Amino acid sequence: QVQLVESGGGLVQAGGSLRLSCAASGRAFSSYTMGWFRQAPGKEREFVATISRTGDSTLYADSVKGRFTISRDNAKNTVYLQMNSPNVEEPAVYYCAMGIGVTDRDYGYDYWGQGTQVTVSS
């Protein structure tokens with residue numbers, strides 16, 4: 001059974017930085033693409049970033065490009081999302097997901113974590 005556990009969420013000041021982590025178990029981590037999505041209250045879940053199995057390919061939402069960085073450590077079965085300069089419009093629950101193929105579509109991911117809350121203060 002796949003388990004994805006996010007951590008690292010919390011309160012961050014606008015313009016600051018925060019790193020989210022997602023630890024995976026139950027599957028061969030290095031065989032799967034890993035993605036980050038987020039959902040703000042009253043809004044649909046949206047794509048943030050994704051990284052290929054080996055980490056050599058990444059894809060970002062335009063809204064976070066240049067500020068957020070996704071990375072992975074296959075030896076630790078962990079994917080990260082470095083959030084630099086988050087803005088006050090970005091508080092949300094951030095979810096990691098495991099799937100096949102580098103895609104920004106949520107239906108491309110078969111397994112999801114429970115999410116971690118990120119709050120941005122002005």
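What's counted below: heavy atoms across the whole structure, side chains too, no hydrogens, waters or symmetry copies. Predicted model only: the values in this text are computed from it and were never measured.
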[atom1]-[atom2] distance between [X] and [Y], expressed to the nearest 0.5 angstrom:
X	Y	atom1	atom2	answer
Phe68	Thr58	CZ	OG1	14.5 Å
Gln82	Ile70	CD	CD1	12.0 Å
Leu81	Leu18	CG	CG	9.0 Å
Gln114	Cys22	CD	SG	11.0 Å
Asn77	Ser25	CG	OG	8.0 Å
Ile100	Ser52	CD1	OG	12.0 Å

Main-chain N/O of [Y] paired to [X] side chain as donor or acceptor, under 3.5 Å:
X	Y	result
Glu6	Gly115	yes
Thr119	Leu11	no
Thr33	Gly101	yes
Ser17	Asn84	no
Thr78	Lys76	yes
Arg72	Phe29	yes
Asn74	Arg53	yes

State which residues pass side chain to side chain donor-acceptor pair (under 3.5 Å) with Asn87; sequence neighbours excluded, sorted by chain then number.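 If we apply the side chain to side chain donor-acceptor pair (under 3.5 Å) test to Asn87, skipping adjacent residues, there are no hits.
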
By side chain to side chain donor-acceptor pair (under 3.5 Å), which residues pair with Tyr80, not counting sequence neighbours?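 Testing Tyr80 for side chain to side chain donor-acceptor pair (under 3.5 Å), a comparison that skips the adjacent residues, returns none.
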
Evaluate the side-chain proximity of [Y] to [X]: yes if any heavy-atom separation is below 4.5 Å, no if none is.
X	Y	value
Val48	Tyr60	no
Pro91	Val118	no
Arg27	Gln1	no
Val12	Met83	no

Tell me if the CD atom of Gln117 is crowded by more than 12 foreign heavy atoms within 6.0 Å.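 Yes - once you tally the heavy atoms of other residues, nucleotides and ligands closer than 6.0 Å, there are more than 12.
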
Minimum heavy-atom separation for Ala14 to Ser122, with atom names?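 Distance-wise, the nearest heavy atoms are CB-CA, 4.4 Å.
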
Between Gly16 and Pro86, what is the shortest heavy-atom contact and its length?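 Shortest heavy-atom separation between Gly16 and Pro86 comes out as O-CD, 3.2 Å.
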
Any chain of hydrophobic side-chain contacts (each under 4.5 Å) joining Tyr32 to Val2?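 In one cluster with Tyr32: Val2, yes.
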
Can you list the other members of the hydrophobic cluster that holds Phe37, where links are side-chain heavy atoms under 4.5 angstrom apart?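 Other cluster members: Phe47, Leu59, Val93, Tyr95, Val102, Tyr109, Trp112.
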
Residues Arg67, Glu90; criterion salt bridge (charged side-chain N to carboxylate O under 4.0 Å, His left out); working and verdict: CA-CA 12 Å; Arg67 298 185 299 117; Glu90 289 179 316; 2.5 Å; yes

Assess whether side-chain contact (heavy atoms from CB on, under 4.5 Å) is satisfied between Thr50 and Asp104, documenting all intermediate values. CA-CA 7 Å; Thr50 187; Asp104 60 356; over 6 Å; no

Could you check Leu4 against Met34 for side-chain contact (heavy atoms from CB on, under 4.5 Å), going step by step and ending with a plain yes or no? CA-CA 10 Å; Leu4 302 176; Met34 297 298 297; 4.1 Å; yes

Charged N to carboxylate O below 4.0 Å: is that the case for Glu44 and Arg38?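 Salt bridge absent between Glu44 and Arg38.
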
